[in-house]
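First comes the structure, then the notes that go with it.
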Amino acid sequence: MRAPDGITLSGVGKTFRGRGKVVEALRDVTLHCPAGSFTAIIGPSGCGKSTVMRIALGLEGADAGEVMIAGAAPQAAARAGVTGVAFQDAALLPWRTVRHNVEVPLEVLGRPLRDSRDRVQAMIDLVGLKGYENSLPGELSGGMRQRVAIARALVTHPQVLFMDEPFGALDQILRRQMNVELQRIWAETGSTAFLVTHGIDEAVFLADRVVVMHADPGRIVEVIDVPFARPRDPSLFSDPDFHALCDRIAEVLHGG
Ligand code: ADP
Ligand code: MG
């Protein structure tokens with residue numbers, strides 16, 4: 001079988017019109033994320049990061065261009081369980097236990113739960129929540145809730161994992177722990193990862209490439225390769241080469 005194709009965006013454009021206001025959220029966004037790669041998108045508020053992701057997930061249509069997810073159109077990929085997604089506010093169902101939250105995408109896709117028990121448990125174990133299967137979201141810390149969201153995103157065995165600022169609500173120390181965890185989880189699952197983030201250090205630590213966007217119109221201004229060997233150790237966060245790359249990305253981000 002041919003290897004899956006990752007994510008391809010070709011000339012994607014999107015304009016929102018309403019109440020006399022016109023926002024060109026995306027102009028000519030072209031990007032290829034090879035299968036198994038890790039891409040981070042960074043840019044100021046309103047530059048179209050979430051819109052790119054929503055289009056790739058099939059939640060929103062593009063006005064121009066084409067999007068392919070593992071060789072399929074976004075909605076078809078979503079229906080086939082090819083894509084998984086985790087958002088900033090873990091968006092868990094508060095009345096359902098950890099296990100039952102992780103099962104949600106299987107229910108949505110109409111997959112029989114009895115065939116997926118091992119998979120559900122494996123994902124809970126993978127994110128380090130063994131023993132919390134029957135806990136309710138309200139009984140968990142913010143970091144644990146984000147872990148549940150990631151387990152849920154992975155339960156359908158998605159080839160492509162989208163994350164929109166998944167650790168944005170966490171403090172710095174917990175965020176770095178989650179970055180290390182996410183690297184491990186991504187390496188174990190072999191999925192193509194697409195991370196929207198505000199954190200330059202998070203982007204550089206995790207990604208193979210950092211895509212910098214600017215607003216008005218939302219567009220890609222530069223794609224920067226991250227050369228550090230994997231697996232990356234937390235000590236990378238204090239490496240001078242790491243800081244030099246973060247500084248360079250900050251310059252591009254702030255228009256330098
Ligand atoms: P980001 O995630 O980078 O902060 P978004 O993709 O959410 O940016 O938004 C990009 C731009 O498009 C912003 O100006 C935002 O206000 C606008 N926008 C996003 N979604 C809608 C919508 N459904 N209707 C109108 N404008 C929208
Ligand atoms: Mg956003």
Side-chain angles (χ1 to χ4, degrees), residues 7-33 38-69 73-75 77-78 83-92 142 145-146 149-150 152-153 158 160-172 175 178-179 182 192-207 209-224 246 249-256:
I7 307 166
T8 304
L9 306 164
S10 318
V12 173
K14 178 76 181 178
T15 299
F16 292 104
R17 291 186 175 79
R19 296 208 200 122
K21 242 182 75 178
V22 177
V23 178
E24 193 175 1
L26 297 176
R27 179 187 287 181
D28 196 20
V29 170
T30 296
L31 180 67
H32 177 64
C33 310
F38 199 123
T39 302
I41 309 276
I42 196 158
S45 263
C47 72
K49 304 180 296 294
S50 295
T51 302
V52 170
M53 212 185 84
R54 291 175 56 78
I55 290 173
L57 286 164
L59 297 171
E60 194 110 59
D63 301 333
E66 192 185 43
V67 181
M68 297 293 269
I69 308 297
Q75 286 189 352
T83 41
V85 60
F87 293 104
Q88 169 167 11
D89 55 350
L92 305 178
R145 283 199 290 272
Q146 282 308 128
I150 289 170
R152 181 179 58 185
V160 184
L161 175 62
F162 289 96
M163 293 164 284
D164 197 346
E165 301 187 36
F167 312 130
L170 306 182
D171 66 54
Q172 167 92 334
R175 223 168 120 154
M178 292 297 293
N179 291 162
L182 180 57
T192 309
F194 188 95
L195 172 74
V196 170
T197 178
H198 264 116
I200 297 178
D201 55 347
E202 174 167 283
V204 172
F205 181 77
L206 282 165
R209 288 174 323 154
V210 177
V211 177
V212 181
M213 293 183 70
H214 282 182
D216 301 314
R219 64 199 187 279
I220 294 175
V221 289
E222 197 165 329
V223 178
I224 295 149
C246 290
I249 292 172
E251 276 175 30
V252 176
L253 188 61
H254 301 121

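Numbers for residues simply follow the sequence, beginning at 1. Whatever order the structure lists ligands and atoms in, that order sets their numbers, starting from 1.
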Exercise. Among Phe38, Phe87, Phe194, whose ring pair (Phe, Tyr, Trp, His ring centres under 6.0 Å) with Phe162 holds?
Worked result: Phe194

Exercise. For ligand 1, what are the residues with a heavy-atom contact below 4.0 Å?
Worked result: Phe16, Val23, Ala25, Pro44, Ser45, Gly46, Cys47, Gly48, Lys49, Ser50, Thr51

So, [X] side chain and [Y] main chain: donor-acceptor pair closer than 3.5 Å or not?
X: Gln146; Y: Pro166; answer: yes
X: Thr30; Y: Gly11; answer: yes
X: Gln75; Y: Gly58; answer: yes
X: His32; Y: Leu9; answer: no
X: Lys49; Y: Gly43; answer: yes
X: Asn179; Y: Glu202; answer: no

Exercise. Do you know the tightest heavy-atom contact between Leu57 and Ala78?
Worked result: O-CB, 3.8 Å

For this session: With the Mg ion (ligand 2) as the centre, enumerate protein N/O/S atoms below 2.8 Å in chain and residue order.
Result: Ser50 OG

Problem set entry | More than 12 heavy atoms of other groups within 6.0 Å of Asp216 CG | no

